[in-house]
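Have a look at the structure below, then the notes.
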Amino acid sequence: QTRHSQRMNKIVVGSNTAPQSLDPIMTSDVQNELTVASAYDKLVDFDEKGNLRPALATAWRIGEDGRSVTLTLRRNVTFHSGNAFTAKDVIYTLDRIKTLGMGTAAFVSEYMQATSSSPLDVTIQLARPNVTFISALSKIYILDSALVQQHAGSDHGQSWLASHEAGSGVYRLSMYIPGQRSTFTRYDKSWRNDPARPDKLSFLYLPNSSTISQELQAGTVDVGITLAIPDVLQLEQIPDFRVARLPTPLQTYAFLNMRNGLTSDRRIRRAIALAYDYEGHVETILDGYGSVASGIAAPSVKCRIELPSPGRDLAAARRLVKAAGAQGKALSMAYNPAFAEHRRAALALQSGLQQIGLKLSLQPVTFPQYMAMLGNPDSLPEISILWDFPNYPEIGPMLSRIFDSAHIGMTNYSIYSNPKVDSLLRAGLNASDAHKACSDFKSAQALIAKDQPLINIADSQIAVVTGAQVGGPEFRPTFQLIDPTTLTITANTRTQVARK
Amino acid sequence: MAGRFAVRHLWFLLQTVFWVVTLVFFLTKLIPGDPARVAAGRFATPDQVEHMRTVLHLDQPVVMQYAGFLGQMVRGDLGRSTTTHQPILSDLATRLPMTLQVVAIGMAMTALVGIGLGTIAASARQKKGDLTVRILLALAGGIPIFWAAIILQWWLGHRLQLFPISGATSYALAMPARTGATVIDAALAGNGEAVWDAFIHLLLPAICLSLPFIAVVGRNVRSSMIGALSSDYVLFSIACGAGPVRVAFHALRATIAPTLTILGMQCGWMTSASLLIETTFGIPGIGAYLAAAAVNQDIFAVLGCVLVIGTVFACANLIVDLLQIWLDPRLRSTAASQGA
Amino acid sequence: MTDLLLQAEGLTKSFRKGRTSRLAISDISFSIAPNTILGLVGESGSGKSTTVRCLLGLERPDSGTVTYDGHELTAGDQAAWRRFHDDIGMVFQDPYSSLNPRMTVERIICEPLVGRTAPRDLRERCVEMLELVGLSADHLGRHPRSFSGGQRQRIAIARALIARPRLLICDEPVSALDVSIQAQVLNLLKSMQETLGLTVLFIAHNLAVVRYMCDHIVVLEKGRVAEQGSREAIFEAPATDYTRSLLEAVPRTDPELERARRAARRNTLSTSRSSS
Amino acid sequence: MTLKISRSPNRVLSIRDLRIDAPSPEGWRPLVHGIDLDIAPGERIALVGESGSGKSITSRAILQLNRGLRTSGSIVLCGQQICGLGARKLQQIRGSMAAMVFQDPMVALNPVRTIGAQVMEPLRIRGVPPKTARARAIELLERLGVRDAEARMNAYPHEFSGGMRQRVVLAAALICQPSLLIADEPTTALDVRAQEQVLDVLDDYARDMQMSVLLITHDLGIVAGFAERVAVIYRGHLLEDRPVDDLFANPGEDYTRALLAALPQIDGPLDQRLSTVGDPRVAQGACS
Amino acid sequence: MTVLPSASSEFASTESKRIRPATSGPLGRLTARLRTGPATLPAASVGVLLVVSLLGPFLAPHDPYLVDLGNAFVAPESGHWMGTDDLGRDVFSRVLTAAPLTLLSAIAVVIASNLFGVAFACLASLLPAWAGSRLMRLCDVALAIPPIIVAMAIVAVMGPSLMAVMIALSAAMWPGTARLMHTVLRETSRTSYVEAAGLMGVTPGRILLRHILPNSLDAILVHASLEVSGVIVMIAGLSFLGIGAPAPSADWGSMIADGRDFVTTAWWITAFPGLAITVSAVLFSLLGDALRVHLDPSLEGK
Ligand SMILES: Nc1ncnc2c1ncn2[C@@H]1O[C@H](COP(=O)(O)OP(=O)(O)OP(=O)(O)O)[C@@H](O)[C@H]1O
Ligand SMILES: Nc1ncnc2c1ncn2[C@@H]1O[C@H](COP(=O)(O)OP(=O)(O)OP(=O)(O)O)[C@@H](O)[C@H]1O
Ligand SMILES: [Mg+2]
Ligand SMILES: [Mg+2]
């Protein structure tokens, strides 16, 4: 097939994650980050073991009071435009995020201002102490301030950045057709250039798993992500394909409403936890691509405590329901039908609860509807199935986001309020000492687990199907999907001719 | 003369679009959900959400929002999408041409196949051919297009490899977007291979899209053709020695006006039906955009789509009406006397 | 009581078509004496139907008045209209569309009486009426489609007459019928008029029919009254060329005579054409 | 003349034992029961009878225009047997050997085609070049009394009055100079004066071109002035076929007599009731 | 002023002109005609379809809602005629269970939208001309919004439920009916028997009820049966978009949507519900076609 041979030393990624905007401020959305990450660099990064490592910033120092971070920047970095990377790019990027107040702004909400004494060092002032702030910078992509200012317009360059890039990353954008595809060429002057990377990297945005699978088989696509597992299993049978199994920080949760309804009774919460078929979830719903959850966050996250899965015990669950006098009573559950795993988990839970004498009615909601429900806690159903994850491998910000009572009405999905947990979480976040913070977070996790405001269902793995000539991808804990820069062309296939 | 007529129509159509937009605006206001939160993002803090609310004017009373929206609209600004964070107008401008070209191919197919089948059925009425065509038409109308899309993609694209599976162009042949319509872009670039490539990519979606409309057009053509074929002027034509082909042709000419009306009407509907198939074929058109906007409760984007679809509907109707004046001499003289 | 049952004074009506308006009738005046038949003739499009529709209030005339039995029927005077409508019967041109296909003959004929007569008497009246128009009680339960055009027109006449109107209005009641059936209907109308003492407004374009039926005749030309007068006056001594040409255009049923007439007409026509 | 048609010396049309049946749930229902009819060149014959007696289907059978009806018997047109002829052959015959005009000129013309196109069509079908066809059409229209024909070729039917339209229809029927014109109630839809004019035109043309005419009508007055022979048809049977003077002077059949007496005369007696034929459907006592 | 015509203007333009005379009441006429002639087969098939669909839930061999994760993706075999879906539920049972839901709600939608459309058209024709034409203008506006968008908006407002879908679709479908009915009514009310009734002093309401409506029924009947077919597909479409009846209720459209990720691996999950939609929609539209032949043979030529 000519199509394939034309594409030597090129990789086409098929996924359903069409970016809504290429503006790095929007990378808090998984689907945007997959594409944007190809073209930008960050100040710091995490390796696959969850260790912070230098990127554009080569060294950093956290202030005594935890209210400032000082960074030393990498020298001789040039943006794709040819502009040199300096402190003002960092300041511009952070200021822009603060001004626009959306997307990644949530990760750096403590950011107050940044100053620099020389082109290669920056001091960031925080509104509150936060020892994990440096980790949060692993989610911030640095803009070429001169270039963006040229195209700033009245919206800080949002419109322009939506379909252009202004980064220093390993690839530069050569073509972008919104909703359809983007194509990048390797940027050989990148400070982390690697000749193993393909000359061209393209993303083809295909909404359905079956389409991606069909395109993989047709040879149009070399790397398939966001594939449904049956498709993965089918592709696994074809010798030309390799299936990479990557951990992700993503965990599937059922949050239980602590304030209203049957689930305000701990016995019922416990019963629900006992009624779920965790093994079945992993085996059938995830087709083995995942593991039963063993804690509040995925194993790659720091300061996490191991919490054994409750396991399925229908008899015990039934007893608890009886004890609570709730047999035959009804509760309802919100889930997003757009996600197959949620839909299937919802049905599995419904079927499980039926067996312990509870009637579960399902309430499919879109994401905005769910957000509105959270805003009005009394409208929140007893159970919600959600994916959640730490945006970077620190458990503190995630615990605070979900379990701090200050976030009721926002992201506290269980309407969970426990003063002890609150104070532990706040102390942990404000601690200037990382060890102290870690132990606070661990104690908080133990308390939370006792209250059972949630059921930890499963940690996901993602299956990436790649053609034989593709190397990688590798796990990076800040990515929910894959880090596109870890895709390479394997040396032995560089000269190989196309598949039949 | 036709100018006046067109102006009057345009006025009516503008009114139509206005009411449609108003209706949808208030409908979307009834939808539960919080666009500000969506815009601020999943991990946003309360301050950020409030900030977004002001930016989006969601803190104002609905009537004020409506007034603001109308004011913007008059200035040609449809607001900013809460998901793409870009001006909706530019979002639509990149996506509409894509859909329009699918709709155009679909419309051409609908007209061709619908009129063809209807004519065959009418000419063979009460015979086997008629029955076959009627069953075909019922089938075309009965197959849900989203299902047809999935099945045909799998069968024709994947199994038989007759069509590309998805996308609007082949990987190697993507042209820089000038108009946004891939076929036209390829033509502008003077690349014949790319034109064919773009066309063949759109063919399967267009086929799926046109199925239900073929049924409607076919049925209508059939009944008006039967009327025309049993009319005295056709009999007279036969008595003058005209053969069946000529007769069918003359009858067709007389029925073309009502058929056009239906076709014009369907332009808008077909544009909206792209909602059901664009995602399947991975075509980044207005349908896929609308689907995403609806899921993300991107109210202004939804409004923009409705506005665009309403405008397509209105323009198609206008064109059809003008064409009718041109095609139907009786209307031509009325229009002339009205314009006078 | 006046000696005129119905009077039309200066009826004018124009129809708007887009921006232009077209005068359909203008300044039409005539009157009908009780117990006579008034004929309204004219070419197609001369405004016969429009005149009748204005009389009946189906169209609102631009100007002009209608006086019935000494009372002027103005737009606002509902009572007068009701009295007028109670007193008239109407027979339409097309016997195929003037009867509701979904109703039985009985219901069609009785409809004017519903709510005014005891249901018991209805059927009796209906049968009586049917027999008067030459049909029988057997036909009561049937639907119009099982009748021929002539029979339908009889049913329409029965319906028009059941409420014992004083005035019968017939808009071209025979022009859709063929000769033999036309004769039946004409005979029927004439005998009805005589036995019931009806006043009839009879519209036709066939002059021979008008002559056979009517005592008094109004000739319309392009929406205006060309001439009116008694039958004798119009047919023996037509006053206008228009009437004369209408009269001369009527074919005779004697081949000899007819050929002569045609020959004569052609001569005059060709001379008039060449002179013009 | 490109289209010379050999005319049979003695008969333009000769119909023998024409039977027409219509399908019905109980089988074939006869509508016409064996009609014989001959037309000589240049002869004008009138077919009269009450509504539904079978006049139209008989005349349509000559050009095999009845749809869904079964026709049997023999129809010889200009020496050519029509019954059982193939579609191709029929197309050639239609319009050139015999042409047909219908009752209502309002619906006999295609509303979306120009007058010119429709008049020229029979010629164009036969491959006459557009220029010649156009000239012929204009000439014929002028001759049929359409003034300013050249300009009006591009007009549409709705711009014409009824009488004018009937002339256009006639022009289209006559343009190939058929040997026989079949006119099915050509004047019924027109008012008296237009009727008269159309008949005059037809009269002239038929005389000049030695064309036979089969005229179908209700109006015995027209029959009296136009036809040479009259055939009376009653419920699918041919009752009488006699010269017109003869028939009007002493009608042979009761039915014919009654038909004549049923017509109000413009100069007849006034005090007499019209005679009626008797409604056949009432006479049958039922209408199934 | 040209008004925007309805999608089914075919009836309005040609069919209603020829209002067929009748024998004895619409029902008698219908049954009499259904016994013989071209509608027999489709009518019988639709009958069988309806009966089967009503019995569907009782015929289902398995519990359509029982999630059996260990038994997922079973290809069609003797135990599961149509295989099992991604959650191990029996596809055949689900298709059967969904039948009454979809078909009856489609019929209900058509009845509701037709009732409303007819009522609207009647109102417009009873009101004085200027008010009537305003009303119909409103109808034209409603017609300019594609039904699927109206339905989406309403379902979004009401939250997803079958009731919401039904209301939404009725709201989306009525303008077409109203437009058609308005044309039919106008043409019927121009016939001389209606005028005659008016002259005889019959009240407008009675004229509408006794003269105009009965003679317009044929057009509605044909329109409605064709519309059922469209509504079946549209209900499925809404479910496919995820705004139909919420899970776990078996619903053909959502079955397709759920199965679309498995077309290449488990085609049966999508194929059978799609077939069910197609078959029922085709049957209804053939019925509508045949009814039209029946109720208006004049249109079909001789
Ligand atoms: N509703 C209408 N709208 C517009 N023009 C009309 C209308 N009704 C009648 N006219 C016009 O008014 C004129 C008179 O029409 P009318 O029907 O009264 O004639 P008529 O003498 O009854 O003719 P006919 O013998 O054909 O029935 C005609 O030119 C006709 O075109
Ligand atoms: N295609 C057909 N199928 C069945 N019956 C038909 C068909 N065409 C005509 N008929 C019947 O044949 C009979 C004769 O019809 P025809 O049209 O010849 O009558 P006609 O003498 O021309 O009457 P009119 O004067 O009303 O035109 C009628 O009873 C008619 O119902
Ligand atoms: Mg009239
Ligand atoms: Mg006839």
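Treat the numbers as computed from the prediction; the structure is a model and nothing was measured. Letters A, B, ... mirror the listed sequences (proteins, then strands); counts begin at 1.
- Between chain E and the residues B:V306, B:L275, B:L290, the largest count of heavy-atom pairs under 4.5 Å involves B:L275.
- Residues passing the side-chain hydrogen bond (donor to acceptor under 3.5 Å, both in side chains) test with B:T110, sequence neighbours excluded: none.
- With a threshold of 4.5 angstrom between heavy atoms, B:I309 approaches chain E through side-chain atoms but not through N, CA, C or O.
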**Message:** Quick one, B:T279 with E:R260, criterion side-chain contact (heavy atoms from CB on, under 4.5 Å). Give me CA distance, side-chain angles, the key distance, then yes/no.
**Reply:** CA-CA 11 Å; B:T279 48; E:R260 76 198 287 195; 3.7 Å; yes

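- Residues B:R134 and E:L286 share a closest heavy-atom pair of O-CD2, 4.2 Å.
- Pairing each heavy atom of B:P144 with each of E:G274, the nearest pair is CD-O, 4.4 Å.
- With a 4.5 angstrom heavy-atom cutoff, B:L137 does not touch chain E via any of its atoms.
- Here the closest non-hydrogen pair linking B:L276 and E:F240 is O-CE2, 3.8 Å.
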**E:V263 vs B:Q153, side-chain contact (heavy atoms from CB on, under 4.5 Å): CA-CA, chis, key distance, verdict** = CA-CA 10 Å; E:V263 232; B:Q153 181 187 44; over 6 Å; no

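- Closest heavy-atom contact between E:I256 and B:F146: CD1-CE1, 3.7 Å.
- With a threshold of 4.5 angstrom between heavy atoms, B:T280 approaches chain E through its backbone and through its side chain.
- Per-residue counts of heavy-atom pairs under 4.5 Å with chain B were compared for E:A281, E:S229, E:G237; the largest is that of E:G237.
- The distance from atom OG1 of E:T278 to atom CH2 of B:W147, rounded to the nearest 0.5 Å, is 4.5 Å.
- Across E:T270, E:I232, E:L138, the residue that shares the most heavy-atom pairs under 4.5 angstrom with chain B is E:T270.
- For the ring pair (Phe, Tyr, Trp, His ring centres under 6.0 Å) test, residues two or more places apart in sequence or in another chain that qualify with E:F116 are E:W174.
- In this structure, no portion of E:L283 lies under 4.5 Å from any heavy atom of chain B.
- For a residue to count as touching a neighbouring chain, one of its non-hydrogen atoms must lie under 4.5 Å from one of that chain's; by this rule E:I277 touches chain B with backbone and side chain alike.
- Ranked by heavy-atom pairs shorter than 4.5 Å toward chain E, the options B:I150, B:T271, B:I151, B:V302 are led by B:I150.
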